[in-house]
Q: 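First, the structure itself, so that you have it in front of you.
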Amino acid sequence: MKTIYLDNNATTMVAPEVVEAMQPFFGEYYGNPSSIHKFGGSVHKHLDTAREQVASLCNASPSEIFFTSCGSESDNQALKGFVRSRKSRARIITSTVEHPAVLNTCRALREDGVAVSEIPVNEYGMPDMDAFYQADIDSDTLVSFMWANNETGVMFPIREISEYVKSKGGMFHTDAVQAAGKIPLDVQEVPVDILAISGHKLHAPKGVGIIYIRDGISLEPLITGGHQESGMRAGTENVPYIIGLGKACELAKNSLDRDAGHERMLRDKLEKALLKKCPGAKLNGDPGKRLPNTTNISFEFIEGEAVLLLLDEHGISASSGSACTTGSLEPSHVMRAMGIPYTFAHSSIRFSLSRYTTEQEIDTVIEVMPPIVKRLRGLSPFVKE
Ligand code: PLP
């Protein structure tokens with residue numbers, strides 16, 4: 001059975017062009033880019049190219065891009081690096097629907113004595129801007145809001161938030177792990193200071209990421225040791241994966257509009273059909289301000305996990321909540337923060353598409369899903385037929 005993979009917010013297939021670009025760096029060019037000799041040194045210029053490719057995706061300067069091991073490391077670097085640079089003066093403002101890479105890191109910092117406030121969201125997953133504008137922001141404040149949510153695809157008003165933070169003299173970090181490669185990111189247009197990207201969400205391998213740090217912003221490094229990455233991130237560079245990430249960013253930039261149009265068309269077709277054909281189905285998140293590839297739908301009175309298992313029998317991979325919360329029977333923290341009633345929150349399914357998703361695959365899901373919902377509804381103790 002062929003897999004129909006609709007879990008691209010969890011991870012993506014490595015693009016064939018990326019695999020090809022990485023290949024020589026496992027065999028032919030295995031030198032250490034920090035070496036004095038030509039064999040190692042020649043690898044360095046390829047790292048420079050990758051840095052330029054990543055910088056170009058977000059309209060940054062290559063000197064502002066630092067390679068890391070993943071999105072979680074980049075988020076940790078932003079938050080902990082800020083706290084270390086401000087010592088006991090540091091304060092953090094974040095939202096209640098951040099990925100655990102941000103939320104759990106903030107909560108751990110709170111345990112260490114850092115003042116952390118969490119701004120709530122409304123039923124559509126958008127931040128409560130009145131609460132945000134009431135928060136105290138000064139030069140010792142880091143505001144960390146995600147660009148787009150991994151579970152619902154909801155996009156925060158990042159330009160408005162970052163402009164406000166800058167007008168108050170604060171520092172602004174955004175977790176752009178889900179936004180990168182799906183919507184335009186332009187750090188000249190939107191005044192973010194720090195931004196995190198993860199390779200495996202945009203068709204590069206798992207285990208590589210970047211942190212963008214605007215020139216002039218000072219953060220203490222999280223990983224200390226050698227002088228790699230201009231002293232910002234010690235450790236011999238994961239050269240093949242960095243090359244792959246550079247290529248993936250180049251591909252994403254060149255096909256951003258085409259991919260977004262393709263994904264939006266298929267996502268809308270899927271969403272419309274499921275909402276029409278499955279009684280008790282409800283869309284989660286702001287219908288307009290969403291990533292083009294994501295839909296999150298609840299099917300009242302049935303368990304999301306049961307739907308996933310039955311979809312899996314048809315070779316369809318989707319997700320309930322985020323991949324990181326799968327296995328837990330509690331509704332995700334995002335659904336709870338949005339105030340979604342339990343009977344809906346418990347049954348939320350996320351379908352996330354990619355440039356490789358085909359119309360035929362979407363048609364199969366549209367065919368398979370309604371009978372699954374009907375069957376599980378029939379088993380629900382809450383529904384009287
Ligand atoms: N931030 C968001 C919004 C994510 O969706 C994820 C992964 O799911 C991460 C951070 C963590 O990225 P990584 O898996 O590269 O550590």
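Values in this document were obtained by computation on a predicted structure and should not be read as measured data. Counting starts at 1 for both ligands and their atoms, following the listed order. All values below come from the heavy atoms of this structure, side chains included, with hydrogens, waters and symmetry mates left out.
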Q: Transitive ILVMFWY cluster of Leu142 at side-chain heavy atoms under 4.5 Å: who else is in it?
A: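 Besides Leu142, the hydrophobic cluster comprises Phe66, Leu79, Phe82, Val83, Ile92, Val102, Leu109, Val114, Val116, Met171, Ile194, Ile211, Ile213, Ile217, Leu219, Met232, listed by chain and residue number.
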Q: Is the shortest heavy-atom distance from the side chain of Val373 to the side chain of Lys277 under 4.5 Å?
A: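 Sidechains of Lys277 and Val373: no contact.
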Q: Just go through Asp175, Val208, Leu103 and tell me whose heavy atom is the nearest to atom 10 (C) of ligand 1.
A: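 It is Asp175 whose heavy atom sits nearest to atom 10 (C) of ligand 1.
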Q: Does ligand 1 have a heavy atom under 4.0 Å from the side chain of Lys206, from its backbone, from both, or from neither?
A: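 No part of Lys206 comes within reach of ligand 1.
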Q: Do Arg233 and Pro221 have side-chain heavy atoms sitting under 4.5 Å apart?
A: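 No; the side chains remain at least 4.5 Å from each other.
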Q: Provide the closest heavy-atom pair for Pro331 versus Ala345 in the form atom of the first, atom of the second, distance.
A: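 Heavy atoms of Pro331 and Ala345 come nearest at CB-CB, 3.7 Å.
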Q: Between Asp75 and ligand 1, find which residue part has any heavy-atom pair under 4.0 Å and reply side chain, backbone, both or neither.
A: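 Just the side chain.
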Q: Using a 4.0 Å cut-off to any heavy atom of Asn150, which atoms of ligand 1 qualify?
A: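 Answer, ordered by atom number: 3 (C), 5 (O).
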Q: Transitive ILVMFWY cluster of Phe39 at side-chain heavy atoms under 4.5 Å: who else is in it?
A: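 Its cluster partners, ordered by chain and number, are Tyr30.
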Q: Check each atom of ligand 1 against the heavy atoms of Ser198 and keep those under 4.0 Å away; list them by number with element.
A: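 Listed by number with element, the hits are 13 (P), 15 (O).
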Q: Mark up the atoms of ligand 1 that fall under 4.0 Å of a heavy atom belonging to His200, in ascending order.
A: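 Those qualifying, in numeric order: 13 (P), 14 (O), 15 (O).
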Q: Going by heavy atoms, is Glu98 under 4.0 Å from ligand 1?
A: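 Judged by the 4.0 Å heavy-atom criterion, Glu98 does not count as contacting ligand 1.
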Q: How far apart are the closest heavy atoms of Glu263 and Ser354, and which atoms are they?
A: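 Smallest heavy-atom distance, with atoms named: OE2-C, 3.2 Å.
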Q: So for ligand 1, is Gly71 a polar contact partner (N or O within less than 3.5 Å, distance only)?
A: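 Right, the criterion is met.
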